[in-house]
There are 2 protein chains.
Amino acid sequence: MSDIPLLPNHQSGPKKLTPEQENQQLKKIIRELGLKVTQQRMDILRIVKAGDRHFTAQDIFEAVSETNTSIGFATVYRFLKALSAKAFVTEVRMGGMPARYEWSSQEHHDHLTCTVCGKVVEFENDEIEKLQEEVAKSLGFILTDHILELFGVCSSTHCQKVYKSAPES
Amino acid sequence: MSDIPLLPNHQSGPKKLTPEQENQQLKKIIRELGLKVTQQRMDILRIVKAGDRHFTAQDIFEAVSETNTSIGFATVYRFLKALSAKAFVTEVRMGGMPARYEWSSQEHHDHLTCTVCGKVVEFENDEIEKLQEEVAKSLGFILTDHILELFGVCSSTHCQKVYKSAPES
DNA sequence: ATTATTTTGATAATGATTCTCAAGTTCAGG
DNA sequence: CCTGAACTTGAGAATCATTATCAAAATAAT
């Protein structure tokens with residue numbers, strides 16, 4: 001129960017942490033939230049920290065389900081909410097689509113989404129950030145957060161073609 | 001450039017249009033969408049064009065209901081969708097909250113929302129827009145749209161106080 | 001171990017939006 | 001101004017993501 005089957009899902013940069021060390025790390029995070037350490041929360045946290053960049057609650061549910069027989073959606077949502085309340089994960093809600101979550105230790109970044117194929121590219125731009133601060137200040141606000149989502153058509157020939165032949169939408 | 005007749009485009013500024021002229025205007029818009037002119041669509045359009053800046057579907061439903069006895073939610077949503085498909089209105093969906101719509105003839109602008117009292121201030125910033133274009137281009141995208149929403153605390157003493165005494169969120 | 005608290009998960013509930021389809025309208029042509 | 005084909009409507013059901021409920025199970029402190 002303390003051994004984690006190493007998923008071949010490590011795409012890059014394997015951190016040199018023994019399973020035990022990783023567990024301690026995860027537990028520490030959970031305790032920082034003022035919550036009890038449970039198997040479910042460990043599982044969710046492990047997936048969120050290790051996996052691909054953007055998750056939906058559904059993704060996490062499915063990923064955890066592979067290891068842990070039965071986990072409930074409620075638990076996933078509850079814990080993600082707790083994590084994002086303390087800014088361990090960032091919750092991005094857009095359009096009518098399910099919210100996406102991502103581990104937020106990394107640098108802040110915004111998103112550029114291809115409206116044809118759905119590909120998401122991340123970027124960061126300090127100048128834009130600075131201008132945002134200025135705008136807020138000039139309007140008497142203390143800036144606390146922002147959402148910047150760009151939409152466009154990516155460079156793939158397929159998407160370009162679809163875009164150019166689009167009947168005006 | 002050329003001289004632009006200043007249109008008093010404020011809601012307080014009464015446009016010198018006879019009801020009949022206004023109706024013709026509305027009908028023209030509906031026909032441009034390739035749709036039939038119906039009482040419901042006229043009503044919705046009138047409200048959207050004349051009213052306050054930001055609407056939810058609920059708002060529009062209620063406003064129209066005052067005049068037109070029974071209108072369905074489906075009709076409101078359907079027509080708003082048609083309008084936003086042709087960019088007559090802009091649909092902004094955020095967070096878990098209902099979508100907001102606004103008549104988009106006016107200049108493009110973004111929003112700065114006070115997270116305490118909910119006040120929404122509009123702004124526009126050409127520099128930010130330009131930088132967005134650059135970012136997209138540098139990533140090989142054709143930029144077609146964007147959402148920029150800033151969040152902060154407005155200058156009212158109440159909101160400032162709440163913010164400063166907040167227990168860390 | 002024992003117990004006081006938390007947490008969980010199945011399921012119901014919610015809220016916004018969309019779908020379905022029978023009944024009602026619109027509009028072009030006679 | 002009739003008629004009918006095509007388009008719209010609205011009421012309610014259906015979806016979808018997310019929350020709430022609550023008895024049963026797990027955790028942590030004694």
Side-chain angles (χ1 to χ4, degrees), chain A residues 1-2 23-24 26-45 47-48 54-85 89-101, chain B residues 23-24 26-45 47-48 54-85 89-101:
Chain A
M1 51 191 87
S2 54
N23 280 347
Q24 290 312 321
L26 301 185
K27 285 182 185 174
K28 190 176 161 205
I29 291 170
I30 295 173
R31 296 213 177 89
E32 271 178 56
L33 300 175
L35 299 173
K36 290 187 175 176
V37 174
T38 67
Q39 191 57 52
Q40 290 86 329
R41 304 217 247 236
M42 292 290 279
D43 289 344
I44 295 171
L45 200 44
I47 299 287
V48 171
H54 305 99
F55 300 95
T56 62
Q58 176 73 42
D59 293 336
I60 293 168
F61 174 80
E62 285 171 10
V64 173
S65 291
E66 283 181 22
T67 321
N68 190 328
T69 40
S70 84
I71 188 171
F73 260 94
T75 304
V76 174
Y77 276 110
R78 267 188 301 239
F79 190 45
L80 285 175
K81 209 165 143 196
L83 283 168
S84 75
V89 305
T90 305
E91 183 194 77
V92 180
R93 285 179 148 179
M94 281 203 21
M97 12 197 67
R100 292 182 331 233
Y101 301 84
Chain B
N23 281 349
Q24 290 311 319
L26 302 185
K27 285 183 185 173
K28 189 175 163 208
I29 291 170
I30 296 172
R31 296 214 176 89
E32 271 177 56
L33 300 174
L35 299 173
K36 290 188 174 174
V37 174
T38 68
Q39 190 56 52
Q40 290 86 330
R41 303 217 247 237
M42 293 289 280
D43 289 344
I44 295 171
L45 200 43
I47 299 287
V48 172
H54 305 98
F55 300 95
T56 62
Q58 177 74 42
D59 293 335
I60 293 167
F61 174 80
E62 286 172 8
V64 173
S65 292
E66 283 181 22
T67 321
N68 189 328
T69 39
S70 85
I71 189 172
F73 259 94
T75 304
V76 174
Y77 275 110
R78 267 187 302 238
F79 190 45
L80 284 175
K81 207 165 142 194
L83 284 167
S84 75
V89 305
T90 305
E91 183 194 77
V92 179
R93 285 178 148 179
M94 282 204 21
M97 9 198 71
R100 291 185 329 234
Y101 301 85

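The model shown is predicted, which means the values in this text are computed figures rather than measured ones. Each chain gets a letter, A, B and so on, in the order its sequence line appears, and its residues count up from 1. Both backbone and side-chain heavy atoms feed into the values below; hydrogens, waters and symmetry mates do not.
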Considering only heavy side-chain atoms of A:Arg41, the closest of C:dT8, D:dG10, D:dA20 is C:dT8

Roughly, in whole Å, what's the span from CE in A:Met42 to P in D:dA26?
17 Å

Shortest non-hydrogen separation from B:Leu83 to B:Ile29 and the atoms involved:
CD2-CG2, 4.3 Å

State whether B:Tyr77 places a side-chain N or O below 4.0 Å from either non-bridging phosphate oxygen (OP1 or OP2) of C:dT18.
no

Given C:dA10, D:dT18, D:dT8, which nucleotide is nearest the side-chain atoms of A:Arg93?
D:dT18

State whether B:Gln40 places a side-chain N or O below 4.0 Å from either non-bridging phosphate oxygen (OP1 or OP2) of D:dG10.
yes

Testing A:Leu33, A:Thr38, A:Asp43 one by one against A:Phe79 for a side chain to side chain contact (heavy atoms under 4.5 Å, CB included), which residue passes?
A:Leu33

Test side chain to side chain contact (heavy atoms under 4.5 Å, CB included) on B:Arg31 and B:Val37; report intermediate values, then the result.
CA-CA 7 Å; B:Arg31 296 214 176 89; B:Val37 174; 3.9 Å; yes

Nearest to the side chain of A:Val37, heavy atoms from C-beta on, is which of C:dA10, D:dA28, C:dT18?
D:dA28

Answer with yes or no after comparing the ring centroid distance for B:Tyr101 and B:Phe55 against a 6.0 Å cut-off, counting only values under it.
no

CZ of A:Phe79 versus C1' of C:dT7: gap in Å, rounded?
12 Å

Rounded to whole Å, how long is the line connecting atom CG of B:Asp59 with atom P of C:dT17?
11 Å

On DNA chain C, nearest-nucleotide positions of B:Lys36 versus B:Glu91: which is more 5'?
B:Glu91

Rounded off to whole Å, could you give me the CG-to-C1' distance for the B:Asp43 and D:dG10 pair?
15 Å

Report yes if a side-chain nitrogen or oxygen of B:Gln58 is closer than 4.0 Å to either non-bridging phosphate oxygen (OP1 or OP2) of C:dA16; otherwise report no.
no

Tell me, with the steps shown, if B:Leu80 and B:Val48 meet side chain to side chain contact (heavy atoms under 4.5 Å, CB included).
CA-CA 9 Å; B:Leu80 284 175; B:Val48 172; 4.3 Å; yes

Phosphate OP1/OP2 of C:dG9 contacted by A:Arg78 side-chain N/O (<4.0 Å):
no

In whole angstroms, the gap separating P of D:dA13 from CZ of B:Phe73 amounts to 16 Å

For A:Ile60 and A:Ile44, which heavy atoms make the closest approach, and how far apart are they?
CG2-CG2, 3.9 Å

Let me spell it out: for each of B:Met97 and B:Leu35, pick the nucleotide of DNA chain C with the closest heavy atom. Which residue's pick is nearer the 5' end?
B:Met97

Atom-to-atom span, CG of B:Leu80 to C1' of D:dG10 - whole angstrom:
16 Å

In whole angstrom, give the distance that lies between atom CD1 of A:Ile60 and atom P of C:dG9.
15 Å

Is B:Thr56 touching bases, backbone alone, or none of the nucleic acid, heavy atoms closer than 4.0 Å?
nothing

Side chain of A:Thr38 only, heavy atoms from C-beta on: which candidate in C:dT17, D:dA11, C:dT7 is closest?
C:dT7

Between D:dT8 atom P and B:Leu83 atom CG, what is the distance in whole Å?
13 Å

Go through the N and O atoms of the side chain of B:Lys81 and the base of C:dT18, and report whether any donor-acceptor pair is under 3.5 Å.
no

Please tell me which of the listed nucleotides, D:dT9, D:dT18, C:dT8, lies nearest to the side chain of A:Ala57?
D:dT18

Among the candidates C:dT8, C:dC27, D:dA28, find the nucleotide nearest to the side-chain atoms of B:Arg31.
C:dC27

